[in-house]
Structure formats: structure tokens, C-alpha cells
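As C-alpha cells, the structure follows; a few thoughts come after it.
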Amino acid sequence: MTRFALGLPALFAMLSCAAAPNPHAVSDTSGIGGGGSTPVVMQTVGAQAPRLTRREQVKRILPHNVRLAIQEDGKARRTASGVVIGSEKTAEGTVSFVITNAHAVEMGDLKEPRLVVIVDDRADSTEYGAQVVASGSVPDMDLALVKVPGLALTPALLATDAEVELGDDVVVAASPYGRALSLSGGMVSQVEWDKDGKKPRMLKTDAPIGYGASGGGIFSLESGKLLAIVEGYRTAKVGFEVAQQNYSFDVPMPGETFAAPTSKVRQFLQQHGFARLLGTAGASRPETGPDGSQTASR
């Protein structure tokens, strides 16, 4: 990611200007007929299900998310986040598939690495041994698929390309710094479209994240569907002096969180032979029927 050198006062000024977006209000309007002779036609919405509250939607989103750790000698060497996007019943039991970043599961520099997926349930945490079964090239396809035997979590539903809208309210679920699941809110602040394929190729949100949030899910607060997978963020380098010693550190820039949209996730799965994890319209909830065939529920 691009880095910008900023002085500390400038950083504080930048941070103070960042404000969380207000949820947009939706109101119905109708025209008025002239002279009282034209009836006003109003559309009823009684048949539609009521929109879930933020708390209700978040409770539905949380079970799709996990954290990852690469361990060596019993210690975590690096951590990341991930989203369950597929589940299968096999002869050996249930297997779940987690989407994350390719750069987050690189282990070539370690002698005896062990990849684990961690599921938190309040004060309890359960570790599952995992393995990378597909990995893309960085930076063009910074995605990886992790197979987790014994894990049975409900897969997230993937939003269609048509459901990616600029300005939509989102929640980011990730595990920065290897700690328990953390949430941040914001909106879809930018969408870059592929001119040839007419599909989103990059999504950006103003929701703040931290180190270790790579692979985290960006979800629509309206539908609860997965919109994108966090890839990284732009940072600013902050320098200061203490006792004639110079120090510096990188700080995530507000509004500069980049993510791979679900169109990219589908492309990745198809290219690596895991299209079976995709249902119709991009929904991902495959199950194995009694005859061994793959079915998808939405």
C-alpha cells in the first residue's frame, strides 16, 4: 500500500475530520393531483418483511466470521481474519471453507508452521487445524481458500454485483491484532468497475480497521450479505522524537480500507476448481444431499 509521511499535528487534524456516516433515512413521497381530480396512488409495503435492526442483523452476521493464526513452536507468528463461505458433509464429517487473503497465509519463511482457525464464543475459544487449498497471486488476486475439517459454521451469503452500491451502510467483522472478533461501521465509499466485464473490481470503505484485519468480511447492514473481503489499507508514517531518539510507526488512514468484492471471490473459486461452493446468484450455502449431489440453499 502507498504510504504518506505526515507530521503528528497533521495526522491529528486528519483524524479529527473523519466522521462516521449517519444511516440514510428512507421516506416515501407521492405526487399530488391537480384540482383534486387526479387520485394519489400510494404503494403499500405490508407484504414486505420488516427490516432487521442493526443489532439483529449483526447477530446474523457474526457466526460467519473466524480468526486465523499461523503458529510455530506453540506461538502465533502472524494472525488474520476470515469468512466461512462454504460447507460440505463428507464421509469424514463436516468441512467448512474459509476465504481470507493470500498474503495472510504465506508460510514460506517458517520452518514448521501450523495454520489454525479459531472460533470465539464469548469467553470460550476453539482451535481447528486447517490447510490452504487454493491461493491467488498477490497483488492481483490476494485471496486464499482454507479448508477446516470438523468446523460446522453457516456460510455467508455472497452479494450479487447488482447489490454493490456506493453509499450503502456496512459493518466490517475482523480480528485485528489477533484478538477476539471486532466490529466497525461505515459505508461503501468507492467502487471501481471493470469496463470490460462490467463487474466491481475493487471496493473501498471508510470503516476503520487495524493490523490483522486482512481477510475480514465487509457485510451489508441491509441484507446481511457479504460484499467484500478486506485486503489492506493505506497507511501514514508518523515520526516523533523522544530523548533525542527518533521513532516512527505506521497508522491506518481513515477512509482508505481496500477490499476484494464478491465478484472477485467468485472468479477466484471458479479458477481454482471450487465453483461448487457457489450457489445461484452468488449465494454460498452448499450442502451434500443423500445421493452425494451438491445443492444450494439461499
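Taken to the nearest 0.5 Å, the OG atom of Ser135 stands 7.0 Å off from the NE2 atom of His272. Distance check, rounded to the nearest 0.5 Å: CD1 of Ile218 to CG of Leu203 gives 5.5 Å. The CZ atom of Arg77 sits 10.0 Å away from the CG atom of Asp109 when rounded to the nearest 0.5 Å. Note that CD1 of Ile209 and OG of Ser182 are 10.5 Å apart. Values are rounded to the nearest 0.5 Å. Taking CZ of Phe258 as the reference point, atom OG of Ser214 lies at 13.0 Å (rounded to 0.5 Å).
Side-chain atoms of Thr79 never come within 3.5 Å of backbone atoms of Tyr177 as a donor-acceptor pair (strictly under, hydrogens ignored). Within the 3.5 Å criterion, the main-chain N or O of Leu143 finds no donor-acceptor partner in the side chain of Asn101. A donor-acceptor distance shorter than 3.5 angstrom exists from the side chain of Asp142 to the backbone of His103, with no hydrogens or angles considered. Looking at Asp121, its side chain never comes within 3.5 Å of a backbone N or O of Asp124 through a donor-acceptor pair. Judged by distance alone, with hydrogens and angles left aside, the side-chain atoms of Glu112 form no donor-acceptor pair with the main-chain N or O of Asp73 at under 3.5 Å. A donor-acceptor pair is defined here as one N or O able to donate and one able to accept, closer than 3.5 Å; no such pair exists between the side chain of Gln245 and the backbone of Val242. Of the possible donor and acceptor atoms, none in the side chain of Asp120 sits under 3.5 Å from a partner among the backbone N and O of Arg122. Remark: side-chain polar atoms of Glu163 are paired, donor with acceptor, to backbone N or O of Thr160 under 3.5 angstrom.
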Start with the C-alpha distance between Val172 and Phe219, add both sets of side-chain angles, then the distance that settles side-chain contact (heavy atoms from CB on, under 4.5 Å), and finish with yes or no. CA-CA 6 Å; Val172 179; Phe219 294 86; over 6 Å; no
side-chain contact (heavy atoms from CB on, under 4.5 Å) assessment of Ile229 paired with Thr100: CA-CA 7 Å; Ile229 296 295; Thr100 186; over 6 Å; no
Could you walk me through whether Leu151 and Val95 satisfy the side-chain contact (heavy atoms from CB on, under 4.5 Å) test, starting with their C-alpha distance in whole Å, then the side-chain angles of each, then the deciding distance to 0.1 Å, before giving a yes or no? CA-CA 6 Å; Leu151 177 62; Val95 174; over 6 Å; no
task = Verify side-chain contact (heavy atoms from CB on, under 4.5 Å) between Leu183 and Val58, making sure each step is shown before the conclusion.
result = CA-CA 9 Å; Leu183 300 177; Val58 167; 3.5 Å; yes
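Between Ala102 and Val138, the shortest heavy-atom contact is CB-CG2, 3.9 Å. The shortest heavy-atom contact between Pro208 and Ser184 is O-OG, 2.8 Å. Scanning both residues, Thr90 and Gly93, for their nearest heavy atoms gives OG1-O, 2.6 Å. Minimum interatomic distance between Gly129 and Pro149 (heavy atoms only, all atoms of both residues): O-CD, 3.6 Å. Of all non-hydrogen atoms in Ser263 and Pro200, the two that sit nearest each other are OG-O, 2.5 Å. In this structure, Ser220 and Ser223 approach most closely via the heavy-atom pair OG-N, 3.2 Å.
Taking 4.5 Å as the limit, some side-chain heavy atom of Leu115 sits within range of a side-chain heavy atom of Val146. Side chains of Gln267 and Met141 form a contact here, defined as non-hydrogen atoms less than 4.5 Å apart. Contact of the Val119 side chain with the Leu153 side chain is registered, since non-hydrogen atoms from C-beta on lie closer than 4.5 Å. For the pair Glu231 and Pro139, the minimum side-chain heavy-atom distance is 4.5 Å or more. Taking 4.5 Å as the limit, some side-chain heavy atom of Thr94 sits within range of a side-chain heavy atom of Ser87. Between Glu165 and Asp168, the closest side-chain pair of non-hydrogen atoms falls below 4.5 Å. You'll find the side chain of Leu227 stays beyond 4.5 Å of the side chain of Thr262, heavy atoms only. Contact check for Leu181 versus Arg67: no side-chain heavy atoms found under the 4.5 Å cut-off.
Checked against Asp161 for a salt bridge (Lys or Arg N to Asp or Glu O under 4.0 Å), the options Arg201, Lys225, Lys199, Lys264 give a single hit: Lys199.
Under a hydrophobic-cluster definition in which Ile, Leu, Val, Met, Phe, Trp and Tyr are linked whenever side-chain heavy atoms come within less than 4.5 Å, directly or via other members, Met107 and Val98 are assigned to the same cluster. Using a 4.5 Å cut-off between side-chain heavy atoms of Ile, Leu, Val, Met, Phe, Trp and Tyr, with links allowed through other members, Leu158 and Phe274 fall into the same hydrophobic cluster. Trp193 and Val170 fall within the same hydrophobic cluster, defined by Ile, Leu, Val, Met, Phe, Trp and Tyr side-chain heavy atoms under 4.5 Å apart, directly or through other members. Follow the hydrophobic side-chain contacts under 4.5 Å out from Leu52 and you never reach Leu226; the two are in separate clusters. Both Leu110 and Leu68 sit in one connected hydrophobic cluster of ILVMFWY residues. Membership requires side-chain heavy atoms under 4.5 Å apart, directly or through other members.
Around CZ of Arg179, the count of heavy atoms belonging to other residues, nucleotides or ligands within 6.0 Å does not exceed 12.
With respect to Arg78 and Glu106, no salt bridge is recorded, no charged nitrogen being found less than 4.0 Å from a carboxylate O.
In this structure, Val116 shares a hydrophobic cluster with Ile118, the cluster being traced through Ile, Leu, Val, Met, Phe, Trp and Tyr side chains under 4.5 angstrom apart.
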